Amino acid sequence: LGLGTGVMMMYGAYLPAHASVARLSAVVVGADVVVGILAGLVVLPLVFDAGDNLVGGAELVFQMLAVVFDPLPLGGLLRVLLFILLTLVAWLFAIALIEPMVAWLVESREISRARAVLYCGVVLWLLGLMMILSFNYWKFSFSLLGQTKSLGLLDIMVIVTSNIMLPVSAILSSLFAGWALTSPMTQEAMALRSPCTYDIWL
C-alpha cells in the first residue's frame with residue numbers, strides 16, 4: 001500500500017492538467033487486477049505441477065520459480081527473462097519512489113536535479129546497505145510485544161514503516177483529502193463534470 005501510494009503520487013504529479021484522475025485510476029486498478037489474475041493462472045499451475053508446497057513472496061520468486069522453469073522448453077531462457085523483468089520492475093519503483101524526494105530538494109532547496117539525485121541515491125544506498133548487513137554482521141535480537149525479532153535494524157525499519165508510518169500517512173492523507181482540498185479543486189482534478197457523479201464519489 002505504501003509503495004503504491006508513493007508511486008501513484010509521483011506519476012500523478014506529472015499528469016497533464018486535462019487528464020481524468022478517476023478514469024486513469026480505474027484503468028490502473030483494472031490492469032493490475034487482470035495482470036495479477038493472469039500471473040496466478042500461469043504461476044500456480046507451474047508450482048503445483050512441480051509437486052512442491054505453495055509458498056509466497058520472495059521464496060516463490062527466487063526459489064520456487066527458478067526450479068519450476070527447468071522442465072519447460074526454453075526454461076533457462078524463461079528464467080533469465082523473469083529476473084530481467086524483476087530488475088526492470090525494481091528500477092521503475094526505485095525511480096518512482098526517489099522522485100518525490102528529488103523534486104522536494106530541487107523545489108525547496110533550489111539545488112540542481114543531478115545533485116539532488118546524487119544526495120538521495122547516496123542516502124538510500126547507505127540505508128540499503130544497513131538493511132543488508134542486518135542479515136549478517138549487524139544482526140541482533142530483541143523482543144517486542146511478546147514477539148522475538150532477530151534481524152535487528154531491518155526488523156526495526158519494518159516495524160516503524162509498517163506499524164507507524166503507513167497508518168499515520170494514510171490517516172493524514174485522508175484528512176488532507178477530506179478537509180484541506182476544496183470541492184472545486186477535487187472536482188476539477190478528477191474531471192468529474194457531473195455534480196451527481198461527484199456527490200457519489202464524495
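Bear in mind that the values here come from a model prediction, so they are computed numbers and not experimental data. Note: hydrogens, waters and symmetry copies are ignored here, and every other heavy atom, side chains too, is used.
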(request) Taking all non-hydrogen atoms of both residues into account, name the closest pair between Ala96 and Pro100 and its distance. (result) O-CD, 3.1 Å

(request) Determine the minimum heavy-atom distance between Ser141 and Ser150, stating which atoms define it. (result) OG-CA, 3.7 Å

(request) Would you mind listing every side-chain hydrogen bond (donor to acceptor under 3.5 Å, both in side chains) that reaches into residues 75-90, with sequence neighbours excluded? (result) Asp70-Arg79

(message) I'd like to check the side chain to side chain contact (heavy atoms under 4.5 Å, CB included) partners of Thr182; sequence neighbours left out, ordered by chain and number.
(response) Pro184, Met185

(message) Checking Val106 now: which residues fulfil side chain to side chain contact (heavy atoms under 4.5 Å, CB included) with it, not counting sequence neighbours?
(response) Val102, Arg113, Ala116

Can you list, pair by pair, the side-chain donor-acceptor contacts under 3.5 Å of residues 161-169, counting residues two or more places apart and other chains?
unit_1	atom_1	unit_2	atom_2	d
Thr161	OG1	Met157	O	2.7
Thr161	OG1	Val158	O	3.3
Ser162	OG	Val158	O	3.1
Ser169	OG	Met165	O	3.0
Ser169	OG	Leu166	O	3.0

(message) On a heavy-atom basis, which atom in Leu153 and which in Trp138 lie closest, and how many Å separate them?
(response) CD1-CE3, 3.7 Å

(request) Tell me, please, which residues at least two apart from Arg115 pass salt bridge (Lys or Arg N to Asp or Glu O under 4.0 Å). (result) none

(request) Answer yes if Tyr137 and Phe140 sit in the same cluster of Ile, Leu, Val, Met, Phe, Trp and Tyr residues linked by side chain heavy atoms under 4.5 Å apart, and no otherwise. (result) yes

(request) Could you pull out all residues at least two apart from Thr197 that satisfy side chain to side chain donor-acceptor pair (under 3.5 Å)? (result) Ser194

(message) Clusters formed by hydrophobic residues whose side-chain heavy atoms approach within less than 4.5 Å: which one holds Val27, and what are its other members?
(response) none

(message) Please determine whether residues Leu92 and Phe83 belong to a single hydrophobic cluster, defined as Ile, Leu, Val, Met, Phe, Trp and Tyr linked transitively by side-chain heavy-atom distances below 4.5 Å.
(response) no

(message) Show every salt bridge (Lys or Arg N to Asp or Glu O under 4.0 Å) that has at least one partner inside residues 131-150, sequence neighbours left out.
(response) none

(message) So, using side chain to side chain donor-acceptor pair (under 3.5 Å) as the criterion, who are the partners of Thr186 when residues are at least two apart?
(response) Tyr198

(message) Are Val35 and Leu82 linked, directly or through intermediate hydrophobic residues, by side-chain heavy-atom contacts shorter than 4.5 Å (ILVMFWY only)?
(response) no

(message) Return the OG to CG distance between Ser134 and Asp155, rounded to the nearest 0.5 Å.
(response) 8.0 Å

(message) Side-chain heavy atoms nearer than 4.5 Å, only ILVMFWY residues, links allowed to pass through others: does that put Val80 and Leu78 together?
(response) no

(request) Considering only Ile, Leu, Val, Met, Phe, Trp and Tyr, and joining two whenever side-chain heavy atoms are under 4.5 Å apart, list the other residues clustered with Ile95. (result) none

(request) To the nearest 0.5 angstrom, please state how far the CD1 atom of Ile159 sits from the CG atom of Leu154. (result) 10.0 Å

Could you tabulate the donor-acceptor pairs under 3.5 Å formed by side-chain atoms of residues 122-132, not counting sequence neighbours?
none

(message) Please give the remaining members of the hydrophobic cluster of Ile111, linking ILVMFWY side chains under 4.5 Å, ordered by chain and number.
(response) Trp104, Leu105, Tyr119

